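Note sheet for the following structure.
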Amino acid sequence: MLNIDLIRKEPDTVRRSLTTRGEDTAVVDEVLKLDTRRRQLVTERDQMRGKQNEVNRRLGQQMATIRKQGGAAEPPKELREELDLISKQIESLNEESNQVEASLQRVMLTIPNIPLPDVPVGADSDGNIVASTWGQPKHFDFKPLPHWDLNEKLDILDMERGVKLSGARFFVMKGKGARLQRALINWMLDVHTAEYGYRETRLPYLVKEETLVGSGNLPKFGDNLYRDAEEDLWLIPTAEVGLTSLHRDEILEPGVLPLRYVAYTPCFRREKTSAGKDTRGIKRVHQFDKVELYSFVEPSKSEEAFQNIVKCSESLIQRLGIPYRVLRICTSDMGFQSAQTYDLEMWAPGCEEWLEVSSCSTCTDFQARRANIRYRPTLGARPEYPHTLNGSALALPRVVIAILETYQQADGSVVIPEVLRPYTGFDRIEPVKK
RNA sequence: GGAGAGGUGGCCGAGCCCGGUUGAAGGCGCCGCACUCGAAAUGCGGUAACGGCGCAAGCUGUUCGUGGGUUCGAAUCCCACCCUCUCCGCCA
(Lines give C-alpha, C1' and ligand atoms only; values in the text may rest on other atoms or scores of the structure.)
Protein backbone atom coordinates (compact mmCIF):
# COMPACT_ATOMS: atom_id res chain seq x y z
CA MET A 1 0.00 0.00 0.00
CA LEU A 2 1.18 3.48 -0.77
CA ASN A 3 1.60 6.17 1.86
CA ILE A 4 -1.57 8.25 1.62
CA ASP A 5 0.50 11.33 2.45
CA LEU A 6 2.33 10.87 -0.81
CA ILE A 7 -0.89 10.74 -2.78
CA ARG A 8 -2.07 13.93 -1.08
CA LYS A 9 1.16 15.82 -1.55
CA GLU A 10 2.40 14.47 -4.87
CA PRO A 11 -0.54 13.11 -6.79
CA ASP A 12 1.35 13.62 -10.05
CA THR A 13 4.14 11.32 -8.94
CA VAL A 14 1.58 8.61 -8.36
CA ARG A 15 -0.17 9.30 -11.66
CA ARG A 16 3.14 9.06 -13.50
CA SER A 17 3.88 5.78 -11.78
CA LEU A 18 0.53 4.36 -12.83
CA THR A 19 1.02 5.53 -16.39
CA THR A 20 4.41 3.90 -16.78
CA ARG A 21 2.87 0.69 -15.50
CA GLY A 22 0.15 0.99 -18.10
CA GLU A 23 -2.61 1.52 -15.57
CA ASP A 24 -5.48 3.97 -15.28
CA THR A 25 -4.81 7.07 -13.19
CA ALA A 26 -8.42 7.68 -12.17
CA VAL A 27 -7.84 5.96 -8.82
CA VAL A 28 -5.74 8.90 -7.70
CA ASP A 29 -8.66 11.31 -7.89
CA GLU A 30 -10.88 8.77 -6.26
CA VAL A 31 -8.48 8.48 -3.35
CA LEU A 32 -8.18 12.25 -3.01
CA LYS A 33 -11.94 12.66 -2.98
CA LEU A 34 -12.53 9.92 -0.45
CA ASP A 35 -9.69 11.11 1.73
CA THR A 36 -11.02 14.67 1.89
CA ARG A 37 -14.49 13.45 2.71
CA ARG A 38 -13.19 11.06 5.30
CA ARG A 39 -11.24 13.72 7.12
CA GLN A 40 -14.23 16.03 7.19
CA LEU A 41 -16.40 13.33 8.68
CA VAL A 42 -13.84 12.20 11.20
CA THR A 43 -13.27 15.73 12.46
CA GLU A 44 -16.97 16.38 12.77
CA ARG A 45 -17.67 13.07 14.45
CA ASP A 46 -14.79 13.44 16.88
CA GLN A 47 -15.98 16.86 17.94
CA MET A 48 -19.41 15.43 18.66
CA ARG A 49 -17.87 12.59 20.59
CA GLY A 50 -15.84 15.08 22.60
CA LYS A 51 -19.02 16.87 23.53
CA GLN A 52 -20.71 13.59 24.38
CA ASN A 53 -17.85 12.59 26.63
CA GLU A 54 -17.96 15.89 28.44
CA VAL A 55 -21.72 15.85 29.06
CA ASN A 56 -21.65 12.20 30.00
CA ARG A 57 -18.94 12.91 32.49
CA ARG A 58 -21.11 15.59 34.02
CA LEU A 59 -24.05 13.24 34.19
CA GLY A 60 -21.92 10.54 35.77
CA GLN A 61 -20.87 12.94 38.48
CA GLN A 62 -24.46 13.94 39.20
CA MET A 63 -25.47 10.31 39.38
CA ALA A 64 -22.75 9.63 41.90
CA THR A 65 -23.90 12.51 44.05
CA ILE A 66 -27.53 11.45 43.91
CA ARG A 67 -26.64 7.92 44.82
CA LYS A 68 -24.48 9.06 47.71
CA GLN A 69 -27.47 10.91 49.10
CA GLY A 70 -29.49 7.70 48.77
CA GLY A 71 -31.66 9.12 46.01
CA ALA A 72 -33.32 7.36 43.10
CA ALA A 73 -31.09 6.37 40.19
CA GLU A 74 -32.98 8.36 37.56
CA PRO A 75 -30.73 10.81 35.72
CA PRO A 76 -31.97 14.39 35.14
CA LYS A 77 -34.26 14.71 32.14
CA GLU A 78 -32.60 17.67 30.34
CA LEU A 79 -29.20 16.03 30.25
CA ARG A 80 -30.63 12.78 29.04
CA GLU A 81 -32.46 14.47 26.22
CA GLU A 82 -29.39 16.40 25.16
CA LEU A 83 -27.33 13.23 25.11
CA ASP A 84 -29.96 11.34 23.24
CA LEU A 85 -29.75 13.92 20.47
CA ILE A 86 -25.95 13.90 20.41
CA SER A 87 -25.70 10.15 20.18
CA LYS A 88 -28.12 10.08 17.27
CA GLN A 89 -25.96 12.57 15.38
CA ILE A 90 -22.82 10.63 16.17
CA GLU A 91 -24.40 7.45 14.95
CA SER A 92 -25.14 8.85 11.52
CA LEU A 93 -21.76 10.57 11.17
CA ASN A 94 -20.04 7.42 12.26
CA GLU A 95 -21.89 5.27 9.79
CA GLU A 96 -20.96 7.47 6.89
CA SER A 97 -17.35 7.86 7.90
CA ASN A 98 -17.01 4.09 8.27
CA GLN A 99 -18.34 3.64 4.78
CA VAL A 100 -15.98 6.22 3.33
CA GLU A 101 -13.07 4.73 5.23
CA ALA A 102 -13.86 1.27 3.87
CA SER A 103 -14.10 2.55 0.30
CA LEU A 104 -10.83 4.38 0.66
CA GLN A 105 -9.16 1.26 1.98
CA ARG A 106 -10.55 -0.80 -0.87
CA VAL A 107 -9.16 1.58 -3.49
CA MET A 108 -5.80 1.94 -1.75
CA LEU A 109 -5.34 -1.83 -1.89
CA THR A 110 -5.59 -1.82 -5.67
CA ILE A 111 -2.82 0.72 -6.32
CA PRO A 112 0.53 -0.83 -7.27
CA ASN A 113 3.89 0.16 -5.83
CA ILE A 114 5.84 3.05 -7.33
CA PRO A 115 8.86 2.04 -9.44
CA LEU A 116 12.26 3.33 -8.29
CA PRO A 117 13.62 6.16 -10.44
CA ASP A 118 16.09 4.10 -12.47
CA VAL A 119 13.69 1.31 -13.39
CA PRO A 120 13.47 1.17 -17.19
CA VAL A 121 10.19 2.46 -18.54
CA GLY A 122 8.51 0.12 -20.97
CA ALA A 123 5.11 -0.78 -22.31
CA ASP A 124 5.64 -4.55 -22.30
CA SER A 125 8.29 -7.21 -21.76
CA ASP A 126 10.29 -5.86 -24.71
CA GLY A 127 11.14 -2.97 -22.41
CA ASN A 128 13.16 -5.25 -20.14
CA ILE A 129 16.89 -4.64 -20.30
CA VAL A 130 19.56 -7.31 -20.33
CA ALA A 131 21.92 -5.98 -17.67
CA SER A 132 24.52 -8.71 -17.95
CA THR A 133 25.13 -12.25 -19.10
CA TRP A 134 27.36 -14.87 -17.53
CA GLY A 135 29.01 -17.89 -19.11
CA GLN A 136 29.31 -19.18 -22.64
CA PRO A 137 26.66 -21.36 -24.22
CA LYS A 138 28.06 -24.86 -24.25
CA HIS A 139 29.22 -26.36 -27.54
CA PHE A 140 27.54 -29.61 -28.54
CA ASP A 141 28.79 -32.13 -31.13
CA PHE A 142 25.19 -33.22 -31.55
CA LYS A 143 21.82 -31.55 -31.49
CA PRO A 144 20.88 -31.10 -27.85
CA LEU A 145 17.38 -32.30 -27.06
CA PRO A 146 14.70 -30.48 -25.15
CA HIS A 147 14.02 -32.09 -21.76
CA TRP A 148 10.80 -33.76 -22.87
CA ASP A 149 12.64 -35.64 -25.64
CA LEU A 150 15.57 -36.36 -23.36
CA ASN A 151 13.15 -37.87 -20.92
CA GLU A 152 12.01 -40.48 -23.44
CA LYS A 153 15.09 -42.51 -22.50
CA LEU A 154 15.74 -41.22 -18.97
CA ASP A 155 12.22 -41.87 -17.70
CA ILE A 156 12.50 -39.47 -14.77
CA LEU A 157 9.48 -37.31 -15.63
CA ASP A 158 6.03 -38.80 -16.01
CA MET A 159 3.67 -36.36 -17.67
CA GLU A 160 0.87 -38.85 -18.39
CA ARG A 161 0.57 -40.02 -14.83
CA GLY A 162 0.69 -36.43 -13.59
CA VAL A 163 -2.34 -35.75 -15.76
CA LYS A 164 -3.98 -38.93 -14.53
CA LEU A 165 -3.67 -37.81 -10.93
CA SER A 166 -4.40 -34.12 -11.20
CA GLY A 167 -4.96 -32.96 -14.78
CA ALA A 168 -3.09 -30.81 -17.23
CA ARG A 169 0.10 -29.05 -16.08
CA PHE A 170 0.77 -31.55 -13.32
CA PHE A 171 3.61 -34.03 -13.50
CA VAL A 172 5.35 -36.74 -11.54
CA MET A 173 9.10 -36.96 -10.97
CA LYS A 174 10.66 -40.35 -10.59
CA GLY A 175 13.91 -42.04 -9.61
CA LYS A 176 17.02 -39.96 -10.08
CA GLY A 177 14.93 -37.06 -11.35
CA ALA A 178 13.06 -36.88 -8.06
CA ARG A 179 16.34 -37.26 -6.21
CA LEU A 180 17.95 -34.48 -8.24
CA GLN A 181 15.11 -32.15 -7.34
CA ARG A 182 15.47 -32.97 -3.64
CA ALA A 183 19.24 -32.58 -3.88
CA LEU A 184 18.83 -29.10 -5.33
CA ILE A 185 16.49 -28.02 -2.54
CA ASN A 186 18.83 -29.26 0.17
CA TRP A 187 21.89 -27.79 -1.47
CA MET A 188 20.31 -24.37 -1.95
CA LEU A 189 19.06 -24.25 1.63
CA ASP A 190 22.49 -25.26 2.90
CA VAL A 191 24.25 -22.55 0.92
CA HIS A 192 21.86 -19.81 2.01
CA THR A 193 21.94 -20.74 5.67
CA ALA A 194 25.61 -21.64 6.03
CA GLU A 195 27.21 -19.10 3.72
CA TYR A 196 24.85 -16.15 3.55
CA GLY A 197 23.18 -16.13 6.97
CA TYR A 198 19.57 -16.60 5.97
CA ARG A 199 17.44 -18.31 8.60
CA GLU A 200 15.68 -21.45 7.48
CA THR A 201 11.91 -21.56 7.97
CA ARG A 202 9.16 -24.05 7.25
CA LEU A 203 5.88 -22.37 6.48
CA PRO A 204 2.22 -23.32 6.10
CA TYR A 205 1.15 -23.84 2.49
CA LEU A 206 -2.41 -22.82 3.28
CA VAL A 207 -2.92 -19.26 4.43
CA LYS A 208 -5.67 -16.83 5.37
CA GLU A 209 -6.89 -14.05 3.18
CA GLU A 210 -5.15 -11.34 5.26
CA THR A 211 -1.84 -13.05 4.64
CA LEU A 212 -2.30 -12.69 0.89
CA VAL A 213 -3.46 -9.11 1.24
CA GLY A 214 -0.26 -8.33 3.14
CA SER A 215 1.99 -9.55 0.36
CA GLY A 216 -0.11 -7.88 -2.34
CA ASN A 217 -1.64 -10.94 -4.02
CA LEU A 218 -5.13 -10.05 -2.89
CA PRO A 219 -7.56 -8.47 -3.51
CA LYS A 220 -6.46 -8.11 -7.14
CA PHE A 221 -4.94 -11.41 -8.19
CA GLY A 222 -7.18 -14.06 -6.69
CA ASP A 223 -7.67 -15.48 -10.19
CA ASN A 224 -4.23 -16.98 -10.09
CA LEU A 225 -4.74 -18.73 -6.73
CA TYR A 226 -6.23 -21.97 -5.52
CA ARG A 227 -8.61 -21.74 -2.62
CA ASP A 228 -10.42 -23.96 -0.19
CA ALA A 229 -13.79 -22.26 0.03
CA GLU A 230 -15.04 -24.29 2.97
CA GLU A 231 -12.28 -23.21 5.32
CA ASP A 232 -11.54 -19.99 3.48
CA LEU A 233 -7.87 -20.83 3.12
CA TRP A 234 -5.69 -20.26 0.07
CA LEU A 235 -2.77 -22.22 -1.32
CA ILE A 236 0.36 -20.08 -1.49
CA PRO A 237 1.69 -19.07 -4.92
CA THR A 238 5.12 -18.39 -3.35
CA ALA A 239 6.79 -18.48 0.06
CA GLU A 240 6.99 -14.69 -0.14
CA VAL A 241 3.36 -14.65 1.00
CA GLY A 242 4.01 -16.37 4.30
CA LEU A 243 7.35 -14.70 4.89
CA THR A 244 5.79 -11.23 4.59
CA SER A 245 3.14 -12.00 7.16
CA LEU A 246 5.57 -13.59 9.58
CA HIS A 247 5.83 -10.21 11.30
CA ARG A 248 2.41 -8.85 10.45
CA ASP A 249 1.01 -6.45 13.07
CA GLU A 250 4.32 -6.39 14.90
CA ILE A 251 6.60 -3.60 16.00
CA LEU A 252 10.18 -4.83 15.81
CA GLU A 253 12.37 -3.50 18.60
CA PRO A 254 15.72 -1.80 17.90
CA GLY A 255 18.48 -4.18 16.89
CA VAL A 256 16.17 -6.82 15.43
CA LEU A 257 16.70 -5.77 11.81
CA PRO A 258 17.88 -6.94 9.41
CA LEU A 259 15.86 -10.16 9.41
CA ARG A 260 16.80 -12.60 6.70
CA TYR A 261 14.82 -15.72 5.96
CA VAL A 262 15.00 -18.58 3.51
CA ALA A 263 12.12 -20.96 2.92
CA TYR A 264 11.55 -23.94 0.73
CA THR A 265 7.90 -24.41 -0.25
CA PRO A 266 5.88 -25.78 -3.08
CA CYS A 267 4.05 -23.04 -5.00
CA PHE A 268 0.57 -23.34 -6.43
CA ARG A 269 -0.58 -21.25 -9.36
CA ARG A 270 -3.59 -21.59 -11.59
CA GLU A 271 -1.78 -20.06 -14.60
CA LYS A 272 -5.12 -18.89 -15.91
CA THR A 273 -3.58 -16.07 -17.90
CA SER A 274 -1.06 -18.37 -19.55
CA ALA A 275 -3.58 -20.78 -21.09
CA GLY A 276 -2.03 -22.50 -24.11
CA LYS A 277 1.47 -21.15 -23.40
CA ASP A 278 4.42 -23.41 -22.64
CA THR A 279 2.40 -26.60 -22.72
CA ARG A 280 5.29 -28.96 -23.45
CA GLY A 281 7.48 -30.26 -20.71
CA ILE A 282 7.61 -28.92 -17.17
CA LYS A 283 8.40 -25.27 -17.71
CA ARG A 284 5.03 -23.97 -16.66
CA VAL A 285 3.09 -26.08 -14.16
CA HIS A 286 0.44 -25.63 -11.47
CA GLN A 287 2.64 -26.88 -8.67
CA PHE A 288 6.36 -26.32 -8.39
CA ASP A 289 9.07 -26.17 -5.75
CA LYS A 290 10.97 -23.03 -4.92
CA VAL A 291 13.53 -21.79 -2.44
CA GLU A 292 12.87 -18.18 -1.55
CA LEU A 293 14.99 -15.53 0.13
CA TYR A 294 13.35 -12.72 2.06
CA SER A 295 14.68 -9.73 4.02
CA PHE A 296 13.22 -7.13 6.32
CA VAL A 297 15.60 -4.17 6.51
CA GLU A 298 15.78 -0.52 7.47
CA PRO A 299 15.11 1.65 4.41
CA SER A 300 18.70 2.88 4.29
CA LYS A 301 19.89 -0.72 3.87
CA SER A 302 17.43 -1.52 1.15
CA GLU A 303 19.71 -1.34 -1.88
CA GLU A 304 22.43 -3.33 -0.16
CA ALA A 305 19.95 -6.05 0.79
CA PHE A 306 18.66 -6.20 -2.76
CA GLN A 307 22.15 -6.65 -4.18
CA ASN A 308 22.76 -9.35 -1.61
CA ILE A 309 19.72 -11.33 -2.69
CA VAL A 310 20.64 -11.02 -6.36
CA LYS A 311 24.20 -12.05 -5.57
CA CYS A 312 23.09 -15.14 -3.63
CA SER A 313 20.82 -16.24 -6.45
CA GLU A 314 23.47 -15.66 -9.08
CA SER A 315 26.09 -17.51 -7.10
CA LEU A 316 23.97 -20.68 -7.17
CA ILE A 317 23.65 -20.58 -10.93
CA GLN A 318 27.36 -19.96 -11.32
CA ARG A 319 28.19 -22.95 -9.16
CA LEU A 320 26.00 -25.07 -11.39
CA GLY A 321 28.06 -23.81 -14.30
CA ILE A 322 25.14 -22.84 -16.46
CA PRO A 323 25.02 -19.63 -18.54
CA TYR A 324 22.45 -17.08 -17.47
CA ARG A 325 21.49 -13.46 -17.96
CA VAL A 326 20.25 -10.75 -15.64
CA LEU A 327 17.22 -8.81 -16.74
CA ARG A 328 16.17 -5.46 -15.37
CA ILE A 329 12.41 -5.63 -15.56
CA CYS A 330 10.64 -2.57 -16.93
CA THR A 331 7.78 -0.67 -15.32
CA SER A 332 4.88 -2.38 -17.04
CA ASP A 333 6.28 -5.89 -16.62
CA MET A 334 6.99 -5.58 -12.91
CA GLY A 335 4.87 -7.21 -10.23
CA PHE A 336 2.20 -5.24 -8.40
CA GLN A 337 4.11 -4.99 -5.12
CA SER A 338 7.54 -4.41 -6.59
CA ALA A 339 9.47 -1.15 -6.91
CA GLN A 340 12.37 -2.79 -8.70
CA THR A 341 12.84 -6.28 -10.11
CA TYR A 342 15.75 -8.23 -11.58
CA ASP A 343 15.03 -11.57 -13.19
CA LEU A 344 17.63 -14.28 -13.63
CA GLU A 345 17.25 -16.52 -16.65
CA MET A 346 19.19 -19.74 -17.24
CA TRP A 347 19.93 -20.87 -20.76
CA ALA A 348 18.28 -24.14 -21.78
CA PRO A 349 20.06 -25.33 -24.94
CA GLY A 350 17.52 -28.04 -25.77
CA CYS A 351 14.37 -25.97 -25.97
CA GLU A 352 16.59 -22.99 -26.84
CA GLU A 353 15.04 -20.67 -24.33
CA TRP A 354 16.01 -18.42 -21.47
CA LEU A 355 14.21 -19.84 -18.43
CA GLU A 356 13.24 -17.51 -15.63
CA VAL A 357 14.52 -19.19 -12.48
CA SER A 358 14.62 -16.18 -10.19
CA SER A 359 12.85 -12.92 -9.69
CA CYS A 360 14.38 -10.57 -7.14
CA SER A 361 12.36 -7.58 -5.97
CA THR A 362 12.50 -4.59 -3.71
CA CYS A 363 9.05 -3.88 -2.36
CA THR A 364 10.16 -0.80 -0.41
CA ASP A 365 7.63 -0.17 2.39
CA PHE A 366 4.68 -1.31 0.28
CA GLN A 367 4.19 -4.73 1.85
CA ALA A 368 5.14 -3.47 5.30
CA ARG A 369 2.29 -0.97 5.15
CA ARG A 370 -0.17 -3.57 3.97
CA ALA A 371 0.85 -6.06 6.59
CA ASN A 372 1.30 -3.40 9.28
CA ILE A 373 4.89 -4.32 10.02
CA ARG A 374 6.94 -1.67 11.75
CA TYR A 375 10.24 -1.28 13.55
CA ARG A 376 11.63 1.15 16.08
CA PRO A 377 14.85 2.79 14.84
CA THR A 378 15.96 3.43 18.41
CA LEU A 379 14.58 2.75 21.89
CA GLY A 380 11.38 4.69 22.42
CA ALA A 381 11.39 6.20 18.93
CA ARG A 382 8.28 6.31 16.78
CA PRO A 383 7.77 3.14 14.76
CA GLU A 384 8.55 3.23 11.05
CA TYR A 385 7.96 0.90 8.13
CA PRO A 386 10.84 -1.37 7.14
CA HIS A 387 11.56 -2.35 3.55
CA THR A 388 10.92 -5.89 2.40
CA LEU A 389 12.80 -7.72 -0.34
CA ASN A 390 12.45 -11.10 -1.88
CA GLY A 391 14.10 -13.31 -4.46
CA SER A 392 13.83 -16.85 -5.69
CA ALA A 393 16.98 -18.83 -5.21
CA LEU A 394 15.98 -20.73 -7.13
CA ALA A 395 12.76 -21.91 -8.78
CA LEU A 396 12.40 -25.58 -9.60
CA PRO A 397 11.85 -27.54 -11.77
CA ARG A 398 13.24 -25.07 -14.27
CA VAL A 399 16.72 -25.47 -12.84
CA VAL A 400 16.32 -29.19 -13.45
CA ILE A 401 15.40 -28.45 -17.07
CA ALA A 402 18.54 -26.36 -17.50
CA ILE A 403 20.72 -29.01 -15.90
CA LEU A 404 19.28 -31.83 -17.99
CA GLU A 405 19.59 -29.93 -21.23
CA THR A 406 23.02 -28.43 -20.51
CA TYR A 407 24.70 -31.56 -19.24
CA GLN A 408 23.20 -34.07 -21.65
CA GLN A 409 25.64 -36.37 -23.45
CA ALA A 410 25.57 -37.89 -26.92
CA ASP A 411 24.42 -41.22 -25.46
CA GLY A 412 21.43 -39.59 -23.83
CA SER A 413 22.81 -39.65 -20.29
CA VAL A 414 23.10 -36.56 -18.11
CA VAL A 415 26.10 -35.64 -16.00
CA ILE A 416 25.36 -34.14 -12.58
CA PRO A 417 27.15 -30.86 -11.75
CA GLU A 418 29.98 -31.36 -9.28
CA VAL A 419 28.43 -29.31 -6.45
CA LEU A 420 25.32 -31.45 -6.37
CA ARG A 421 26.98 -34.83 -6.23
CA PRO A 422 27.29 -34.95 -2.43
CA TYR A 423 23.53 -34.37 -2.39
CA THR A 424 22.46 -36.72 -5.20
CA GLY A 425 24.80 -39.56 -4.36
CA PHE A 426 25.31 -40.21 -8.07
CA ASP A 427 27.19 -38.37 -10.81
CA ARG A 428 25.14 -39.33 -13.83
CA ILE A 429 21.61 -40.17 -14.87
CA GLU A 430 21.64 -43.07 -17.32
CA PRO A 431 19.07 -43.83 -19.98
CA VAL A 432 16.88 -46.74 -18.93
CA LYS A 433 14.94 -47.17 -22.18
CA LYS A 434 16.27 -47.99 -25.62
C1' G B 1 -15.46 -33.97 17.67
C1' G B 2 -17.29 -33.57 23.35
C1' A B 3 -16.77 -30.99 28.35
C1' G B 4 -14.75 -27.00 31.14
C1' A B 5 -11.70 -22.45 31.94
C1' G B 6 -10.02 -18.10 29.86
C1' G B 7 -8.59 -13.85 26.32
C1' U B 8 -7.49 -6.48 29.94
C1' G B 9 -1.72 -1.70 28.41
C1' G B 10 5.73 -4.13 26.87
C1' C B 11 4.84 -8.28 30.68
C1' C B 12 2.08 -10.06 35.19
C1' G B 13 -2.53 -8.92 37.09
C1' A B 14 -7.23 -6.28 39.50
C1' G B 15 -11.87 -4.51 37.78
C1' C B 16 -16.78 -7.64 35.11
C1' C B 17 -21.92 -10.34 39.65
C1' C B 18 -24.18 -4.51 41.30
C1' G B 19 -22.86 -0.24 33.46
C1' G B 20 -21.25 6.27 34.91
C1' U B 21 -15.03 11.84 36.22
C1' U B 22 -11.47 3.88 34.25
C1' G B 23 -6.60 4.47 29.14
C1' A B 24 -8.18 1.38 33.09
C1' A B 25 -5.72 -0.22 40.66
C1' G B 26 -1.27 -2.76 42.05
C1' G B 27 3.28 -5.02 40.63
C1' C B 28 7.37 -5.98 37.10
C1' G B 29 10.17 -4.06 33.18
C1' C B 30 11.96 0.33 30.73
C1' C B 31 13.38 5.78 30.65
C1' G B 32 14.60 10.41 33.31
C1' C B 33 15.88 12.93 37.81
C1' A B 34 17.66 12.88 43.00
C1' C B 35 21.00 10.46 46.48
C1' U B 36 26.30 8.21 45.34
C1' C B 37 33.25 8.64 43.58
C1' G B 38 30.40 4.94 40.71
C1' A B 39 26.92 1.00 41.05
C1' A B 40 23.18 -1.40 43.85
C1' A B 41 19.30 -0.17 47.08
C1' U B 42 15.90 3.83 47.86
C1' G B 43 12.79 8.12 46.59
C1' C B 44 10.24 11.17 42.90
C1' G B 45 8.44 11.62 37.93
C1' G B 46 7.45 9.49 33.21
C1' U B 47 6.15 5.19 30.33
C1' A B 48 1.29 2.77 24.07
C1' A B 49 -0.60 2.42 19.10
C1' C B 50 -3.50 4.62 15.50
C1' G B 51 -6.65 8.71 13.44
C1' G B 52 -8.25 14.15 13.13
C1' C B 53 -7.08 19.59 13.73
C1' G B 54 -2.47 22.62 14.06
C1' C B 55 3.79 25.55 11.34
C1' A B 56 4.50 24.08 16.27
C1' A B 57 3.63 23.70 21.39
C1' G B 58 -0.66 21.45 21.94
C1' C B 59 -5.81 20.00 21.68
C1' U B 60 -8.91 15.97 20.54
C1' G B 61 -10.97 11.03 19.16
C1' U B 62 -10.53 5.64 19.06
C1' U B 63 -8.57 1.13 21.05
C1' C B 64 -9.88 -3.90 27.48
C1' G B 65 -9.76 -10.96 21.41
C1' U B 66 -13.10 -9.59 16.74
C1' G B 67 -17.85 -8.10 14.94
C1' G B 68 -22.82 -6.80 16.08
C1' G B 69 -26.74 -5.43 19.79
C1' U B 70 -29.01 -3.04 24.34
C1' U B 71 -28.28 1.98 26.67
C1' C B 72 -28.02 8.95 27.23
C1' G B 73 -23.41 6.07 28.52
C1' A B 74 -20.29 -0.65 28.02
C1' A B 75 -13.82 -3.55 29.87
C1' U B 76 -18.47 -4.32 32.69
C1' C B 77 -25.14 -6.61 30.14
C1' C B 78 -26.88 -9.68 25.45
C1' C B 79 -25.68 -12.37 20.67
C1' A B 80 -22.28 -14.44 17.01
C1' C B 81 -17.44 -15.59 15.71
C1' C B 82 -12.02 -16.25 16.44
C1' C B 83 -8.06 -17.80 19.48
C1' U B 84 -5.51 -20.03 23.91
C1' C B 85 -5.30 -23.58 27.98
C1' U B 86 -7.01 -28.23 30.69
C1' C B 87 -9.55 -32.97 30.42
C1' C B 88 -11.92 -36.87 27.20
C1' G B 89 -12.24 -39.04 22.26
C1' C B 90 -9.74 -39.71 17.49
C1' C B 91 -5.36 -39.72 14.57
C1' A B 92 0.13 -39.39 11.38
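Fair warning: this is a prediction, and the values are worked out from it, not measured in the lab.
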Checklist entry - Does A:Phe426 have A:Lys176 sitting over its ring (NZ/CZ under 6.0 Å from centre, angle to axis within 45°)? => result yes

Checklist entry - Between A:Tyr261 and A:Arg199, is there a cation-pi geometry (under 6.0 Å to ring centre, at most 45° from the normal)? => result no

Which base sits across from [N] as a Watson-Crick or G-U pair, both distances under 3.5 Å?
N: B:rC37; value: none
N: B:rG9; value: none
N: B:rU70; value: none
N: B:rC64; value: none
N: B:rG1; value: B:rC88
N: B:rC17; value: none
N: B:rG45; value: B:rC31
N: B:rU22; value: none

For [N] and [M], measure between their [atom1] atoms and round to the nearest Å.
N: B:rG26; M: B:rG45; atom1: P; answer: 11 Å
N: B:rG23; M: B:rA48; atom1: C1'; answer: 10 Å
N: B:rG13; M: B:rU8; atom1: P; answer: 9 Å
N: B:rA14; M: B:rG69; atom1: C1'; answer: 28 Å
N: B:rC91; M: B:rG7; atom1: C1'; answer: 29 Å
N: B:rA75; M: B:rC64; atom1: P; answer: 6 Å
N: B:rC11; M: B:rC90; atom1: P; answer: 38 Å
N: B:rC44; M: B:rG54; atom1: C1'; answer: 34 Å

Take the protein atom [atom1] of [X] and the nucleotide atom [atom2] of [N], then report the distance between them rounded to whole Å.
X: A:Glu44; N: B:rC53; atom1: CD; atom2: C1'; value: 13 Å
X: A:Leu252; N: B:rA49; atom1: CG; atom2: C1'; value: 15 Å
X: A:Leu93; N: B:rG51; atom1: CG; atom2: C1'; value: 16 Å
X: A:Arg8; N: B:rG51; atom1: CZ; atom2: C1'; value: 10 Å
X: A:Leu104; N: B:rG52; atom1: CG; atom2: P; value: 10 Å
X: A:Glu210; N: B:rG67; atom1: CD; atom2: P; value: 12 Å
X: A:Lys51; N: B:rG61; atom1: NZ; atom2: C1'; value: 16 Å
X: A:Ile90; N: B:rA74; atom1: CD1; atom2: P; value: 10 Å

So, is [X] near the phosphate of [N], with a side-chain N or O under 4.0 Å from OP1 or OP2?
X: A:Asn53; N: B:rU60; result: no
X: A:Arg374; N: B:rC50; result: yes
X: A:Arg49; N: B:rU60; result: no
X: A:Arg39; N: B:rC53; result: yes
X: A:Arg376; N: B:rA49; result: yes

Checklist entry - Which residue, A:Pro383 or A:Glu54, contacts RNA chain B at a nucleotide closer to its 5' end, judged by nearest heavy atom? => result A:Pro383

Checklist entry - Starting at the 5' end of RNA chain B, which residue's closest nucleotide do you reach first, A:Val42 or A:Asn98? => result A:Val42

Next on the checklist: For a quick check of understanding: with a heavy-atom distance under 4.0 Å over all strands, which category does A:Gln47 fall into, base, sugar-phosphate or nothing?
Outcome noted: nothing

Next on the checklist: Strictly distance-based, threshold 3.5 Å: is any side-chain N or O of A:Arg374 a donor or acceptor partner for the main-chain N or O of A:Ala368?
Outcome noted: no

Next on the checklist: Looking at A:Thr13, is its backbone amide N or carbonyl O close enough to the side chain of A:Ser17 to form a donor-acceptor pair, meaning the two atoms are under 3.5 Å apart?
Outcome noted: no

Checklist outcome for this item: Testing B:rC72, B:rA49, B:rG52 for proximity to the side chain of A:Ser87, the answer is B:rC72

Checklist outcome for this item: Quick note, A:Arg38 side chain, CB onward, closest among B:rC72, B:rG51, B:rC53 is B:rG51

Checklist entry - Are any of the side-chain nitrogens in A:Arg16 or A:Asp12 under 4.0 Å away from the carboxylate oxygens of its partner? => result no

Checklist entry - Under a 4.0 Å N-O cut-off, is there an ion pair linking A:Glu271 with A:Arg284? => result yes

Checklist entry - Just wondering, do A:Trp148 and A:Asn151 contact through their side chains at under 4.5 Å, heavy atoms? => result no

Checklist entry - Taking atom types as modelled, is there a side-chain donor on A:Tyr294 or A:Thr244 under 3.5 Å from an acceptor on the other? => result yes

Next on the checklist: Any donor-acceptor pair, under 3.5 Å, between the side chain of A:Asn56 and the base of B:rG20, if you only look at N and O atoms?
Outcome noted: yes

